[in-house]
Number of protein chains: 2
Amino acid sequence: MPEPATQPNEPDREDLRTRLLAAAEKLVRKHGPDGLSLRELARACGSSTMAIYTLFGGKPGLMEALYVLGFARLHAYALSAEAREAPLRWLVRQMLAYRRFALDHTGLYRLMFGGEKRFTPTGRNSRFASLAAPVEDAYPAFAALVDAVGACMIHHHASAPDPAQVQDLAFLVWGQMHGLVGLEIAGYADPADALGRYQSAVRFICTHCGAAPADVDAELGAAALT
Amino acid sequence: MPEPATQPNEPDREDLRTRLLAAAEKLVRKHGPDGLSLRELARACGSSTMAIYTLFGGKPGLMEALYVLGFARLHAYALSAEAREAPLRWLVRQMLAYRRFALDHTGLYRLMFGGEKRFTPTGRNSRFASLAAPVEDAYPAFAALVDAVGACMIHHHASAPDPAQVQDLAFLVWGQMHGLVGLEIAGYADPADALGRYQSAVRFICTHCGAAPADVDAELGAAALT
DNA sequence: GCCAGTGCTATAACACTGTTATTGATTCGA
DNA sequence: TCGAATCAATAACAGTGTTATAGCACTGGC
C-alpha cells in the first residue's frame, strides 16, 4: 500500500505555523526585528514564502504574531516571579524578572517596545479601541505588575491606596524598568554597573512603597542567588 | 559670455552634505529610522545615490551622521533649559526638555535609543573604546544632566554628594525619562495621562533630591506656561 | 469511481532596497 | 595645455516584500 505521500494532515501540517513562529523568533533574536527576512525564514523551515502569506497574511501579520508571543513570554516571566504571600518579594522578583526577560529576548523586546507603535492587541472591548483603554486590560503582564505594586502598597501602608494611584505608580515603575533596560540594550550602560544600577532602582521604588531598605536588600540578595 | 554652467563650486556644492542631512532628517521623521531609503533621499535632493556614498561612505555612515546630529539637537534642548542659578528649576526644566525633544524628534530619538546599539561616538579617548568609558564623556547632554542632578543635590542636601553617587542617580533619572518617553512613543501611554505621569516622575525624583514638593509643583506650573 | 470544487503551496515576476563597477565630465596641478 | 585626479551619474547585481499564475492534493456529491 503506498503511503499517503505528503498528506496535508501530516504532523508538519498544522505544526508549520508554530515551526515558522519558532524559527522567526530565532531569526529575530539573531538579526533583530527589522532584519527578519521572509525568504530566509521560509528557507529555514524548508517551505516557500507563500506559506507565510497563507498562515499569517504577510509580514505584518507575522510580526504581530511574534508580538503576542513576546507578551506571552513576558507574562510567563511575571508568573514565575509570583509570590502573593510576600508582597515585597513579589515586587522585587517581578522587577528582576522584567529585566531578565528583556536581556534574554532582546529581539522580541525591541519588537514590542522598540519605540514604534506597531500593534495594539484587540482585547474584548476592541469596539472601544479608539477610546483610551487601560493598558492592564490588554496586557496581563502589566496587570501582574499593578497587582504586585498594589499588594506592596497595601502591605506597607496602613490605608488601602486608590486604584488609580496604584496604576499611576505601576506605570512609573514600568517606565523605570523599561528605561534602564532599554538603555542597557542600546549600549549606554556600562555592563559592569547595569545590574547594580537596576538593583538600586528596585531599592528606590520599594522604599517609596514603604518597605524597609534592609528588607529590600535581603530580597535582592536572595534573588541574586537563584 | 557663457555662464559657468553648473560649477562644482556653486553654493549647492559644499552644501550638498548638509542638504542631504536635512532631507534625511525629514525622511526619518516621516518614515522612521528603518524606513529611510537612499534612493528617495537622493531623489529629494536632486542627486544620485552615489553622492551619499562619496559624502558619507554609505548608509551606515549617513545614519551615524544623523546620530551625532540627533545628539547635537538634544544638547541644544538641554542648553535651552539651563538655569544654573536655580538648581531645582534647572533639573525640572531639563527633564521636561528631554521629553519635548523626544516628542519633537521621534525619528531621531528612535535612531539614537531605539534599542539597538548602533554607534558609539569616537571621543578623545577612543583608544580606550574597548574599556568602559563613562557616558558623560561622550555625550554632553548627559553631562548636563549629571550637572543638574549634582547641583540639585548640593543645593538641598547639606553635604556635597559623592560624584559617583551623582552619576548613578543621574543614570536612574535618565532611565526614568527614557522609559516613560519610550513607552509614550511606542503607544503604551494614554495620551491624556502621559504628561501628568511624566510630571509626577519629575516630582518623584526632585523630592528624592531633597526639594519640597510645593517648590517642584511651582516649577512645573511655571514651565507649563511657557 | 469519477469529477467539479476548494484550499494550499511552489514558481516566477514586479517594484523596491543597498551596494558596487563602470563611465563620463569637471576640476586641479605641473 | 595636458595629464591626473575627483566626483557624480548610469547601469548592473543581489537581496527584499508582495502578488499573479499555475499546479498539486484533498473533499464533496453523484
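Side chains included, hydrogens not; waters and symmetry mates left out as well; all remaining heavy atoms used. Throughout, protein chains are lettered first and strands after them, A, B, ... in sequence-line order, and every chain is numbered starting at 1.
Protein atom CZ of Arg43(B) is 19 Å distant from nucleotide atom P of dA8(D), rounded to whole Å. Distance, Leu16(B) CG to dC7(D) P: 12 Å, rounded to whole Å. Put simply, CG on Leu41(A) is 16 Å from C1' on dG15(D), counting in whole angstrom units. Regarding Ile52(B), its CD1 atom lies at a distance of 12 Å from the C1' atom of dA8(D), rounded to whole Å. For the pair Leu55(B) CG and dA9(D) P, the interatomic distance rounds to 10 Å; values are reported in whole Å. Straight-line distance from the CZ atom of Phe56(B) to the P atom of dA8(D): 11 Å, rounded to whole Å. As rounded to whole Å, 8 Å separates atom C1' of dC8(C) from atom CE of Met50(A). Rounded to whole angstrom, the span from the CE atom of Met63(B) across to the C1' atom of dT19(C) amounts to 16 Å.
A donor-acceptor contact shorter than 3.5 Å is absent between the side chain of Arg84(B) and the backbone of Ala151(B).
Here the nucleotide nearest the side chain of Thr54(B), chosen from dA8(D), dT9(C), dT18(D), is dA8(D).
Across the interface with DNA chain D, nearest-nucleotide mapping of Gly57(A) and Glu40(A) shows Glu40(A) to be the residue nearer the 5′ end.
Near-neighbour residues of DNA chain C inside residues 20-39 of chain B, defined by a heavy atom below 4.0 Å, number-ordered: Leu36(B), Ser37(B), Leu38(B), Arg39(B).
The nearest pair of heavy atoms linking Leu38(A) to Leu62(A) is CD2-CD2, 3.9 Å.
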Exercise. Applying salt bridge (Lys or Arg N to Asp or Glu O under 4.0 Å), run through Glu82(A) and Arg93(A) and close with a yes or a no.
Key: CA-CA 8 Å; Glu82(A) 202 171 54; Arg93(A) 290 182 55 183; over 6 Å; no
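Between Tyr98(B) and Trp174(B), the side chains place a donor N or O and an acceptor N or O closer than 3.5 Å (distance only, hydrogens not considered).
The ring-ring contact (aromatic ring centres under 6.0 Å, His included) pairs that include a residue from residues 63-84 of chain A are Tyr67(A)-Phe71(A), Tyr67(A)-Phe119(A), Phe71(A)-Phe113(A), Phe71(A)-Tyr139(A), Tyr77(A)-Phe101(A), Tyr77(A)-His105(A), where partners are two or more places apart or lie in different chains.
Enclosure of atom CZ in Arg197(B) by more than 12 non-hydrogen atoms of other residues, nucleotides or ligands within 6.0 angstrom is indicated.
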